[in-house]
Every structure is written in C-alpha cells, then in structure tokens.
Amino acid sequence: MTVDHRVGPPSFGDERETLRAFLDYQRATLAMKCEGLGDEELKERSMPPSTLTLLGLVRHMAEVERAWFRRVFEDHDVPMVWSDEIDFQAAYDASGSSRAEAFGAWEAEVEHSRRIERAAASLDVAGYQPRWEEQVSLRMVMVHVLLEYGRHNGHADFLREGVDGTVGA
C-alpha cells in the first residue's frame with residue numbers, strides 16, 4: 001500500500017470536532033485502501049464465492065452517505081445512487097462500474113454530507129430517517145456512519161491484502 005497521508009483525529013476536542021475528525025479519518029482510510037489500484041484490481045474478489053470488492057465498498061459507502069445525510073436532513077425522496085429502491089446491496093455489484101464513476105459518486109456524497117453537517121446548528125439537530133419512520137439527531141447519524149466506515153474498512157483490509165497477493169501466502 002502507499003504512504004499513509006491521513007490526518008489523525010485530535011487527542012482533545014469538543015464532541016463535534018472529534019466526531020467530524022474520526023469520520024474524515026475513516027473516509028480517508030477507505031480511500032487509502034483503494035489507492036494505486038485500477039478498475040480491474042478494485043473489482044477483484046479476495047474470497048470467492050463472495051462478490052465483495054473494494055469498488056463495491058466505495059459504491060456502498062456513497063449510498064450510506066446519501067441515505068444518512070441527504071435523505072435524513074435534506075430530501076427524504078432523493079433516489080439512491082445505484083438503486084431505484086432503497087437497496088443497499090445493489091451498490092455492491094461493481095461489475096459494470098469504474099473507479100471514476102464510483103469515486104466520483106462517493107466523493108460527491110461525502111461533500112454533501114460535510115456541507116450538511118457544517119450547516120447544522122448543533123449535533124442535536126433532528127432529521128427524519130424515512131426507513132425507520134422516526135426522527136434522529138445529527139449526533140446519531142455521525143456515529144452510525146462512523147461505525148459503517150469502521151466495519152467496511154475492516155473488509156477493505158482483507159480485500160486489499162487479497163489484491164496485493166498476501167492472503168493465503
């Protein structure tokens with residue numbers, strides 16, 4: 001893998017600054033796991049019959065960002081990126097996708113999420129989660145998305161090792 005250029009979260013800071021920094025750190029981790037890989041490498045499966053790929057994870061995280069920031073705080077009816085329904089699994093199928101498409105969508109959703117978070121008066125701002133049919137706080141959304149990245153970055157570790165040829169070696 002390439003050199004680690006991520007900016008680590010602060011050792012001290014208020015709650016919002018800390019959540020923002022940890023979320024950005026996890027976003028940067030996903031990007032780092034994919035750094036230096038082309039379309040075909042990003043589509044490699046490390047453990048067939050699983051269809052999970054790094055490119056599929058990037059696409060999935062674009063959907064997660066959209067579902068938890070844009071759909072909750074701005075437009076409950078904005079369509080998902082790769083699904084006409086609310087189907088997070090559809091994003092995992094990256095067979096017809098490219099690095100440019102997936103990263104373009106993911107980076108755009110991350111920027112929307114950052115804008116929404118920065119515009120919110122506090123972590124207690126409420127939005128409506130249409131899938132749950134209930135109000136949720138910005139704090140809850142940030143923690144939830146942070147946990148999503150943490151889980152999926154664990155998968156990305158294994159996928160990257162498979163692409164680099166170190167799994168089973």
Side-chain angles (χ1 to χ4, degrees), residues 1-7 19-119 127 129-131 138 141-167:
M1 204 167 338
T2 59
V3 178
D4 187 349
H5 297 290
R6 296 172 298 168
V7 175
L19 284 172
R20 181 185 294 151
F22 267 101
L23 192 49
D24 280 339
Y25 183 80
Q26 290 296 325
R27 289 168 173 150
T29 298
L30 181 58
M32 185 181 77
K33 298 293 179 189
C34 298
E35 198 169 306
L37 300 177
D39 286 353
E40 294 311 309
E41 292 167 308
L42 289 168
K43 292 179 189 179
E44 283 185 29
R45 299 178 300 161
S46 64
M47 185 66 68
S50 171
T51 59
L52 189 60
T53 65
L54 284 166
L55 200 59
L57 284 178
V58 171
R59 288 168 48 103
H60 175 72
M61 292 312 298
E63 296 285 34
V64 167
E65 294 272 358
R66 179 173 284 197
W68 283 99
F69 285 95
R70 287 176 70 182
R71 288 182 57 86
V72 168
F73 295 106
E74 283 189 342
D75 181 356
H76 309 308
D77 297 319
V78 68
M80 299 301 283
V81 183
W82 288 284
S83 168
D84 293 334
E85 301 141 17
I86 309 302
D87 179 6
F88 286 90
Q89 300 305 312
Y92 286 124
D93 179 9
S95 58
S97 187
S98 68
R99 178 186 188 87
E101 177 206 30
F103 273 84
W106 176 63
E107 290 166 353
E109 292 305 322
V110 167
E111 287 310 310
H112 281 292
S113 299
R114 286 179 175 142
R115 178 185 48 76
I116 290 165
E117 182 270 319
R118 285 189 170 90
Q129 174 41 278
R131 289 177 56 220
L138 176 60
V141 167
M142 291 180 77
V143 169
H144 180 84
V145 174
L146 180 60
L147 292 171
E148 284 278 335
Y149 273 103
R151 179 175 63 240
H152 293 303
N153 281 338
H155 300 317
D157 281 337
F158 187 71
L159 288 163
R160 180 62 193 237
E161 288 172 6
V163 170
D164 288 340
T166 57
V167 171

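Note that the structure is a prediction, hence the values are computed from the model and not measured.
- The shortest distance between side-chain heavy atoms of Trp68 and Gln129 falls below 4.5 Å.
- Ser83 contributes atom OG, which lies 6.5 Å from atom CD of Glu63 (distance to the nearest 0.5 angstrom).
- Met61 is not listed as a side-chain neighbour of Glu109, based on a closest heavy-atom distance of 4.5 Å or more.
- With rounding to the nearest 0.5 angstrom, the CG atom of Leu52 is 4.5 Å from the CG atom of Leu57.
- A salt bridge does not link Arg114 with Glu117: every distance from a Lys NZ or Arg NE/NH1/NH2 to an Asp or Glu carboxylate oxygen is 4.0 Å or more.
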Could you walk me through whether Ile116 and Arg70 pass the side chain to side chain contact (heavy atoms under 4.5 Å, CB included) test, one step at a time? CA-CA 8 Å; Ile116 290 165; Arg70 287 176 70 182; 3.9 Å; yes
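- Counting only heavy atoms from C-beta outward, the side chains of Arg151 and Leu147 never approach each other to under 4.5 Å.
- With contacts defined as side-chain heavy-atom distances shorter than 4.5 Å, the pair Asp24/Val7 does not qualify.
- Between His60 and His152, the ring planes lie perpendicular to each other; the angle is over 60°, past the 30° to 60° tilted range.
- Below 30°, between 30° and 60°, or above 60°: for Trp106 and Phe103 the angle between ring planes is above 60°, a perpendicular geometry.
- A distance-only check finds no donor-acceptor pair linking the side chain of Gln26 to the backbone of Asn153 [under 3.5 Å].
- Two residues are said to be in side-chain contact when any heavy atoms from C-beta on lie closer than 4.5 Å; Glu65 and His112 fail this criterion.
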